[in-house]
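Please read the structure below before turning to the comments.
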Amino acid sequence: MDGKTFRCGQEGFASALGLCILALLLIAMAAASLTRSGGTVAAEYEREMQLRLAAESGVLTAANELEQRSSTAGKLSAGERQNVAVHDVPMAADIALHVVIEPQTDGMIWVTAAAIDQRHDTDVSDGEHWTRAKIVRAQMEKKDGHYVWRRWF
């Protein structure tokens with residue numbers, strides 16, 4: 001064969017070995033990347049849940065106050081908004097909570113709460129400075145001079 005001798009089984013062995021090593025390196029890098037980003041994802045989820053639960057607690061606190069004292073909302077006309085003080089709602093640090101009640105013309109009242117993250121440390125990679133917040137709204141209905149719970153929406 002023109003002075004070249006081929007040894008059986010050795011053609012491409014170095015290429016196959018190189019591809020295996022490269023595949024193992026890629027798998028190791030992917031695992032390291034997933035492990036590193038897993039903590040960030042868990043922290044982001046935890047903060048989102050803290051905001052949601054703070055907003056829901058604000059709505060429930062205002063709803064409880066309305067159920068106990070219907071005169072709180074009786075002073076408002078339909079479409080007029082009133083802020084509700086919710087100082088005793090337990091929540092995580094650096095969360096601002098705003099709760100508003102708004103009577104409607106059909107005897108319903110909307111209770112809206114916004115929990116706003118004050119830390120501004122979101123890990124969004126688009127270069128923008130986003131403010132993270134959760135808004136929750138509920139509906140109550142006036143029956144027999146008192147407001148009763150209707151639904152979330």
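The structure presented is a predicted model; accordingly, all values stated were derived computationally and were not measured. The basis for the numbers below is simple: all heavy atoms, side chains too, and nothing from hydrogens, waters or symmetry mates. By convention here, the first residue in the shown sequence is residue 1.
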So, does Ser33 use its side chain to make a donor-acceptor pair with the main chain of Met29 at under 3.5 Å?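 No.
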
For [X] and [Y], work out which heavy atoms get closest and say how close.
X      : Y      : answer
Val99  : Ala62  : CG1-CB, 3.7 Å
Ala54  : Ala115 : CB-CB, 4.1 Å
Arg47  : Ala93  : NH2-O, 3.0 Å
Met140 : Trp149 : CE-N, 4.0 Å

Quick one, Val136 with Arg52, criterion side-chain contact (heavy atoms from CB on, under 4.5 Å). Give me CA distance, side-chain angles, the key distance, then yes/no. CA-CA 8 Å; Val136 176; Arg52 172 125 184 126; 3.9 Å; yes

Side chains of [X] and [Y], heavy atoms from C-beta outward: is any pair under 4.5 Å?
X      : Y      : value
Thr112 : Glu102 : no
Met108 : Glu141 : yes
Leu97  : Val89  : yes

Starting at [atom1] of [X], measure out to [atom2] of [Y] and round the result to the nearest 0.5 Å.
X      : Y      : atom1 : atom2 : result
Ile116 : Asp94  : CD1   : CG    : 13.0 Å
Ile95  : Lys134 : CD1   : NZ    : 12.0 Å
Glu48  : Leu53  : CD    : CG    : 11.5 Å
Leu22  : Leu26  : CG    : CG    : 4.5 Å

Check Glu44 with Arg132, please: is the shortest side-chain N to carboxylate O separation under 4.0 Å?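 Salt bridge present between Arg132 and Glu44.
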
Is it true that, when you exclude Phe153 itself, more than 12 heavy atoms of the residues, nucleotides or ligands shown sit nearer than 6.0 Å to its CZ?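 Atom CZ in Phe153 is crowded, with more than 12 foreign heavy atoms closer than 6.0 Å.
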
Count I, L, V, M, F, W, Y as connected when their side-chain heavy atoms are under 4.5 Å apart, and connections chain through other members. Are Met49 and Val59 then in the same cluster?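 Different hydrophobic clusters.
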
So if you build clusters from Ile, Leu, Val, Met, Phe, Trp, Tyr with side-chain heavy-atom gaps below 4.5 Å, do Val148 and Leu60 land together?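 No, separate clusters.
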
